[in-house]
> 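Following this message is one structure expressed as structure tokens.
Throughout, residue positions are numbered sequentially from 1 according to the sequence presented. This one's a predicted model, so the numbers in the text were calculated from it and none came from an experiment.
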Amino acid sequence: MKDEIMSLLTDFGEFTLDMFLQDGILKELPIVGSSFSMIKIGTDIHDRIFVEKIKSFIEHVDKDTKWQEKFSDIEECNKISKHLLYIIDSCDDDKKLKLIGLAFNYFVNGEMSKKEYFFAVNIISKSFYPYLEILLEIDESERFPNDDTKYDYDGVAHLLNIGALDYDGQTQMLINEKTKEIESRPCIIVTLNCYGNFIRGLLSRLNEQ
């Protein structure tokens with residue numbers, strides 16, 4: 001076939017991804033988004049990688065979800081699909097795409113709002129994955145100073161910067177009264193927020209698979 005065509009979404013109830021590749025392979029995968037329809041896929045590396053990215057995302061989307069109830073508004077469905085397309089295309093790690101797919105199920109099932117879903121997805125997509133996995137080590141109720149004694153300093157700073165942790169104060173500088181030398185410099189205190197805790201749960205599920 002001269003022009004390879006990827007067609008997504010046949011109707012609200014049968015979300016399929018039909019990929020007609022030069023090798024003649026046809027694959028069906030669930031997805032949401034009429035704005036994905038008739039996307040032309042070329043032969044360059046970026047296009048091939050893009051298809052693989054979509055597959056990584058779709059593999060973790062539940063196939064038995066009640067799509068029609070959630071996406072009956074076509075205009076809203078288009079907006080969500082377009083946003084997902086941007087995220088999938090820019091993602092730099094298959095594991096991130098799998099987390100985004102797992103999180104998508106919570107959104108479709110009404111367990112989180114669109115705003116909450118895309119905020120969580122924004123954290124995942126912006127993360128450096130090895131640092132994101134630090135969330136698995138942090139207890140939900142834990143409040144700790146980022147002094148590099150318990151967790152990697154750069155990793156915690158990164159998680160705070162992308163929104164997975166909250167700033168919760170600062171330690172004081174300690175100075176030796178006799179020598180007047182600094183014994184410990186001030187450092188920020190952080191705590192796991194609801195998004196970090198949610199992503200931690202996704203990481204646990206992904207590791208169990």
Side-chain angles (χ1 to χ4, degrees), residues 17 29-32 45-46 48-63 65 80 83-171 184-209:
L17 168 61
L29 299 169
I31 190 63
V32 58
I45 293 175
H46 174 269
R48 296 290 180 171
I49 291 176
F50 176 65
V51 170
E52 293 300 319
K53 287 181 176 182
I54 290 179
K55 288 166 63 179
S56 293
F57 165 77
I58 290 174
E59 283 174 358
H60 291 76
V61 173
D62 292 339
K63 298 177 177 62
T65 307
I80 293 171
H83 199 164
L84 275 173
L85 177 62
Y86 290 148
I87 292 168
I88 291 170
D89 191 34
S90 63
C91 215
D92 62 358
D93 192 301
D94 281 347
K95 290 182 179 179
K96 292 183 187 180
L97 290 166
K98 293 175 182 178
L99 292 177
I100 292 170
L102 286 172
F104 189 71
N105 299 319
Y106 289 83
F107 169 49
V108 175
N109 291 327
E111 298 177 62
M112 63 192 314
S113 68
K114 182 177 72 172
K115 181 179 179 180
E116 291 170 334
Y117 171 68
F118 280 112
F119 189 82
V121 164
N122 184 63
I123 293 174
I124 295 169
S125 63
K126 286 184 176 180
S127 71
F128 176 57
Y129 196 81
Y131 286 166
L132 194 67
E133 291 185 305
I134 293 175
L135 291 173
L136 290 169
E137 306 171 29
I138 300 174
D139 184 82
E140 181 181 359
S141 60
E142 189 172 15
R143 178 177 180 269
F144 61 92
N146 189 23
D147 55 8
D148 205 30
T149 59
K150 192 168 186 180
Y151 307 111
D152 180 85
Y153 176 88
D154 292 330
V156 171
H158 173 70
L159 293 173
L160 177 65
N161 185 56
I162 63 176
L165 299 175
D166 284 342
Y167 172 83
D168 199 30
Q170 182 172 311
T171 63
S184 65
R185 297 185 180 278
C187 63
I188 59 172
I189 299 172
V190 298
T191 185
L192 189 69
N193 61 31
C194 61
Y195 291 101
N197 190 45
F198 173 69
I199 295 170
R200 185 183 65 166
L202 297 180
L203 286 164
S204 296
R205 286 187 58 190
L206 187 62
N207 288 347
E208 291 171 359
Q209 294 180 355

> So, Lys53 side chain and Leu97 main chain: donor-acceptor pair closer than 3.5 Å or not?
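Not at all, since once roles are kept as given, no pair shorter than 3.5 Å links the two residues.
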
> Does any non-hydrogen side-chain atom of Ile162 lie less than 4.5 Å from one of Phe128?
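Answer no - side chains too far apart.
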
> Would you mind reporting whether Arg200 and Leu136 have side-chain heavy atoms less than 4.5 Å apart?
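Counting from C-beta outward, Leu136 and Arg200 do come under 4.5 Å.
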
> With rounding to the nearest 0.5 angstrom, report the CG to CZ distance, Asp166 to Arg143.
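One finds 12.0 Å between CG of Asp166 and CZ of Arg143.
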
> Hey, can you tell me if Tyr131 and His158 have their rings parallel, tilted or perpendicular (30° and 60° cut-offs)?
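Tilted.
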
> Supply the atom-to-atom distance Asp94 CG to Glu59 CD, rounded to the nearest 0.5 angstrom.
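So the gap between those two atoms works out to 8.5 Å.
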
> Would you check if the distance from the ring center of Phe198 to the ring center of Tyr195 is below 6.0 Å?
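No: the rings miss the under 6.0 Å criterion.
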
> Which heavy atom of Ile80 sits nearest a heavy atom of Lys114, and at what distance?
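Where Ile80 meets Lys114 most closely, the heavy atoms are CG1-CD, 3.8 Å.
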
> Closest heavy-atom contact between Ile199 and Leu135?
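Taking every non-hydrogen atom into account, CG2-CD1, 3.9 Å.
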
> What distance separates Leu206 CG from Glu133 CD, expressed to the nearest 0.5 Å?
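Rounded to the nearest 0.5 Å, the CG-CD separation comes out at 8.5 Å.
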
> Rounded to the nearest 0.5 Å, what's the gap from CZ on Arg205 to CD on Glu208? Could you check?
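The distance works out to 8.5 Å.
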
> Less than 4.5 Å apart, side chain to side chain, heavy atoms only: is that true for Thr191 and Leu165?
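A side-chain contact is absent here, since even the closest heavy-atom pair is not under 4.5 Å.
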
> Ignoring hydrogens and geometry, is there a side-chain-to-backbone donor-acceptor pair from Asp148 to Tyr153 under 3.5 Å?
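Confirmed, Asp148 side chain pairs with Tyr153 backbone.
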
> If I compare all heavy atoms of Ser125 with all of Ile87, which pair ends up nearest, and what's the gap?
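Result for this residue pair: CB-CG2, 4.5 Å.
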
> Give me the atom names and distance for the closest heavy-atom approach of Ile100 to Ile124.
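So the minimum-distance heavy-atom pair works out to CG1-CG2, 4.0 Å.
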
> Please report the C-alpha distance between Tyr106 and Tyr117 in whole Å, then the side-chain angles of each, then the deciding distance to 0.1 Å, and finally whether the ring-ring contact (aromatic ring centres under 6.0 Å, His included) criterion is met.
CA-CA 8 Å; Tyr106 289 83; Tyr117 171 68; 9.6 Å; no

> I need the Phe119 CZ to Ser113 OG distance, nearest 0.5 Å.
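Separation between the atoms: 11.5 Å.
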
> Quick check: does any side chain N or O of Asn161 sit under 3.5 Å from a backbone N or O of Ala157, one acting as donor and the other as acceptor?
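A pair under 3.5 Å: no.
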
> Can you find a heavy atom in the side chain of Ile189 that is under 4.5 Å from one in the side chain of Tyr167?
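Answer no - side chains too far apart.
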
> So do the side chains of Phe144 and Asp168 get within less than 4.5 Å of each other, counting heavy atoms only?
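The answer is no, as the side chains (C-beta and beyond) never meet within the 4.5 Å cut-off.
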
> Are Glu142 and Lys150 within salt-bridge range, i.e. N to O under 4.0 Å?
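Salt bridge present between Glu142 and Lys150.
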
> Can you tell me how far the CG atom of Asp147 sits from the SG atom of Cys187, to the nearest 0.5 Å?
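Reported to 0.5 Å precision, the distance equals 5.0 Å.
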
> Could you tell me if the side chain of Tyr151 sits less than 4.5 Å from the side chain of Glu137, heavy atoms only?
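In short, these two side chains touch, coming nearer than 4.5 Å.
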
> With a 4.0 Å cut-off on N to O distance, would you call Lys96 and Asp92 a salt bridge?
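Looking at Asp92 together with Lys96, the answer is yes, because their closest N to O distance falls below 4.0 Å.
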
> Does some side-chain heavy atom of Phe118 sit less than 4.5 Å from a side-chain heavy atom of Asn122?
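No - every pair of side-chain heavy atoms lies 4.5 Å or more apart.
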
> List the atom of Ile123, the atom of Gly163, and the distance in Å for their closest heavy-atom pair.
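Smallest interatomic distance, heavy atoms only, reads CD1-O, 3.5 Å.
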
> Tell me, do Phe107 and Glu111 make a side-chain contact under 4.5 Å, heavy atoms counted?
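Result no, sub-4.5 Å side-chain heavy-atom pair not found.
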
> Do you know the tightest heavy-atom contact between Leu192 and Ala164?
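Smallest heavy-atom distance, with atoms named: CD1-O, 3.9 Å.
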
